[in-house]
Amino acid sequence: MEATIDSKPTLLHRLHEWRVEHVSEKMFMIILALLVGFFAAVAAFVLHWIINQIVLLLTSQFDRTGANWLYLVYPVVGIYLTSLFVRYIVKDNISHGITRILYAISSNKSRLKSHNCWSSVIASAITIGFGGSVGAEAPIVLTGSAIGSNLGQLFHLDRKMLMTLVGCGAAGAIAGIFKAPIAGLVFTLEVLMIDMTMSALLPILVSCVTATCFTYIFSGDAALFSFHLDSEWSVERIPACVMLGIVCGLVSLYFIRTMGVCEDMFDRFKDKPYIRLAIGGTILSLLIFLFPALYGEGYSSINLLLNGRTEADWNSILNNSLFSGQGTMLIPYIALVLFTKVFATSATNGGGGCGGTFAPSLFIGCFAGFLFSRLWNINQIGVYVPEKNFALLGMAGVMSGVMHAPLTGVFLIAELTGGYTMFMPLMIVSVCAYLTIIIFEPHSIYGSRLARQGKLLTHHTDHAVLTLMNLDSVIERDYLSVTPDMELGQIVHKISRSHSTVLPVLDAAGELLGEIDIMRIRNVVFRIELYHHFKAAQLMTEPKARLSDATPMAEVMSAFDNTGANWLPVFDVENRLMGYVSRQRIYTMYRKMVADMSED
């Protein structure tokens, strides 16, 4: 038994040595990208297959001509089962999938936990299958990124290569889910903020193409959303497209702000899971009972709006609800679903479910585009606009606003529906939505929380380097301290053994009273006759600034610039001295990381 255990690391070590000797770094990254793309496609297929089987099992016998009371039960059961799975099996927080990826890239050296390779798939399948009004995309993106991260960790790759593999996983997941390789690539660039250097571009492309090809093998060539252009786009529709873009930007603002408020409300009960379940489950069940279109991802409702040809087709979206057969209620129903979707999504995740906001943004966008075009045509504001086309454009618009990713919105919708003939209006709507939302919200729904903490990676090289730098790694913890009553002679002895030019003065409880700057007392250090005349309390001064271990690196750099200090103390959450940071060491690390990021 011992021989077997000992042989495992040896075998892996030998494999690693053989790889280093015979396979170039670039070729190895291509191989890993191919594997990541394949596994991302498998994860996407498995997740959607499980969701479809659960939905079929639970809802196949529903009466389509009226309300179904089981809508009040299924969502609560799904959230409860998911919360039990997370609490007792995963034992870790797996919500906010894409935000977790952004945090791993900026603050955890692109390292994701191994359970993220499977936990989100199971949890989101249960949540969505039972009616949770969230999307499967964010969990799959987290799964793909975790696969890439853990493969890289297995072969001891550096942070830069790990970041690329995380991007490969995310891009492969989007490409695999939607059969949209270009959208996968652009998503990684816009949302995850991974720079498209030549060393990263090829592996991410390989992952996207691999995931797309295997998705076609697994599920055939049918698109996730079918769409047939109603009529060719014309220049006369530019005003309507611009107006739709502005509306989509405002809808995105409503989505982001309302999600934030709802999440803060549920966070008040984060230590009371059953209260969260009661609140979230009640809200979700009631909303789905009133508006069955909110059940699950809502892709069937999207397809209804994109493919309807007659009023009867569009009225079928009222099926299974209290409004079934009442065609006059179509517009109020669409508006109410649009308004309540964000509450259903928040209640799902807040109550203990697992899912993302990717699909809800598509759902809300489709409903917003359809509602806008229907009201535009009813009021005869301008030239007639095809409602199917504008439902499609609305999807791109709201996605662009919510994610702050106009290119992702354009390419995803174009690839998803084969609607390349709509390229120009897609760009107009997406750009207008983005320009509208950034007036109010500088960051996407995924990045806003990290941005408030100073941990969001951006394409600005200086800011990106500061975000990637880790204060904890540069703290000098091996410091020598003195007491306030220590005489100068003893202090000089301490100075001779110190690695820094600053000695902290601590009381009996370990509290920092002040510090002795060696450069400030150099005029008395060599005067032996004064060694018994001065004590530390007389020589110490207040630190020029105090840092906490959670201080963002941008603020650390500013503190050094503003004070002119060479050393600054760092304290933990309990205000205990952890150590000192050196200006020289920080700037050395900064220059090295800038050089590493620029070498491609």
Side-chain angles (χ1 to χ4, degrees), residues 48 51-72 74-75 128-133 135 222-231 284-341 344-345 359-378 384-395 398 413 416-419:
H48 279 110
I51 291 172
N52 291 334
Q53 295 306 306
I54 295 175
V55 171
L56 186 64
L57 177 66
L58 297 180
T59 65
S60 59
Q61 302 302 317
F62 276 8
D63 177 14
R64 299 179 63 84
T65 61
N68 293 275
W69 67 269
L70 284 174
Y71 279 134
L72 294 169
Y74 289 155
I128 299 169
F130 277 82
S133 195
L224 189 58
F225 302 124
S226 57
F227 174 78
H228 301 286
L229 191 65
D230 204 354
S231 64
L284 180 62
S285 296
L286 287 173
L287 288 176
I288 291 178
F289 178 74
L290 293 172
F291 312 110
L294 297 174
Y295 190 98
E297 294 173 291
Y299 286 165
S300 58
S301 298
I302 292 176
N303 272 315
L304 274 175
L305 295 182
L306 292 181
N307 294 289
R309 294 182 179 276
T310 64
E311 208 59 33
D313 293 336
W314 286 316
N315 288 341
S316 64
I317 205 168
L318 302 172
N319 288 349
N320 293 332
S321 74
L322 296 170
F323 313 102
S324 182
Q326 303 177 42
T328 55
M329 290 297 297
L330 179 62
I331 291 179
Y333 184 86
I334 293 285
L336 287 169
V337 169
L338 172 62
F339 174 75
T340 56
K341 177 66 174 180
T345 299
S361 68
L362 290 174
F363 181 94
I364 288 178
C366 184
F367 275 62
F370 182 88
L371 181 63
F372 172 88
S373 57
R374 176 59 66 96
L375 294 175
W376 178 282
N377 291 331
I378 288 175
Y384 170 81
V385 293
E387 289 156 359
K388 288 167 51 180
N389 295 7
F390 271 63
L392 181 74
L393 296 174
M395 293 168 68
V398 173
I413 301 306
L416 232 146
T417 59

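Note that the OH atom of Y333 and the OG1 atom of T328 stand 14.0 Å from one another [nearest 0.5 Å]. Here the straight-line distance linking atom CD of Q326 with atom CG of N315 works out to 10.5 Å at 0.5 Å rounding. For the atom pair L57 CG and Q53 CD, the distance stands at 8.5 Å (nearest 0.5 Å). Note that the CD1 atom of I364 and the SG atom of C366 stand 11.5 Å from one another [nearest 0.5 Å]. Remark: L304 CG to L318 CG distance equals 10.0 Å, nearest 0.5 Å. Note that CG of N389 and CZ of F370 are 12.0 Å apart. Values are rounded to the nearest 0.5 Å.
E297 approaches K341 most closely through the heavy-atom pair O-NZ, 4.3 Å. Across L392 and L306, no two heavy atoms sit closer than the pair N-CD2, 3.7 Å. Summarising the geometry of S133 relative to L294, their closest heavy-atom pair is OG-O, 2.9 Å, with the distance given to 0.1 Å. Of all non-hydrogen atoms in L58 and G129, the two that sit nearest each other are CD1-O, 3.8 Å. Nearest approach of L305 to W314, heavy atoms of both residues: O-NE1, 3.4 Å. When all heavy atoms are compared, the tightest approach of P360 to G135 is CD-N, 3.7 Å.
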Practice prompt. Go through I334 and R374 one step at a time and tell me if the side-chain contact (heavy atoms from CB on, under 4.5 Å) criterion holds.
Written response: CA-CA 10 Å; I334 293 285; R374 176 59 66 96; over 6 Å; no

Discussion item. For V55 and I128: C-alpha separation, side-chain torsions, deciding distance, then whether side-chain contact (heavy atoms from CB on, under 4.5 Å) applies.
Written reply: CA-CA 8 Å; V55 171; I128 299 169; 6.0 Å; no

Practice prompt. Apply the test side-chain contact (heavy atoms from CB on, under 4.5 Å) to residues L362 and V398: give CA-CA distance (whole Å), side-chain angles for both, the deciding distance (0.1 Å), then the verdict.
Written response: CA-CA 7 Å; L362 290 174; V398 173; over 6 Å; no

Practice prompt. Start with the C-alpha distance between I331 and I378, add both sets of side-chain angles, then the distance that settles side-chain contact (heavy atoms from CB on, under 4.5 Å), and finish with yes or no.
Written response: CA-CA 11 Å; I331 291 179; I378 288 175; 3.4 Å; yes

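Partners of L72 according to the side-chain contact (heavy atoms from CB on, under 4.5 Å) rule, which considers only residues two or more places apart in sequence or in another chain, are S285, L286, F289. Residues satisfying the side-chain contact (heavy atoms from CB on, under 4.5 Å) test with S301, not counting sequence neighbours, are A293, I317, F363, F367.
Here the side chain of D313 pairs a donor or acceptor atom with the backbone of T310 at under 3.5 angstrom.
Ring pair Y74/F130 is perpendicular by interplanar angle, where above 60° counts as perpendicular and below 30° as parallel. Using cut-offs of 30° and 60° on the angle between ring planes, the pair F390 and F372 is parallel.
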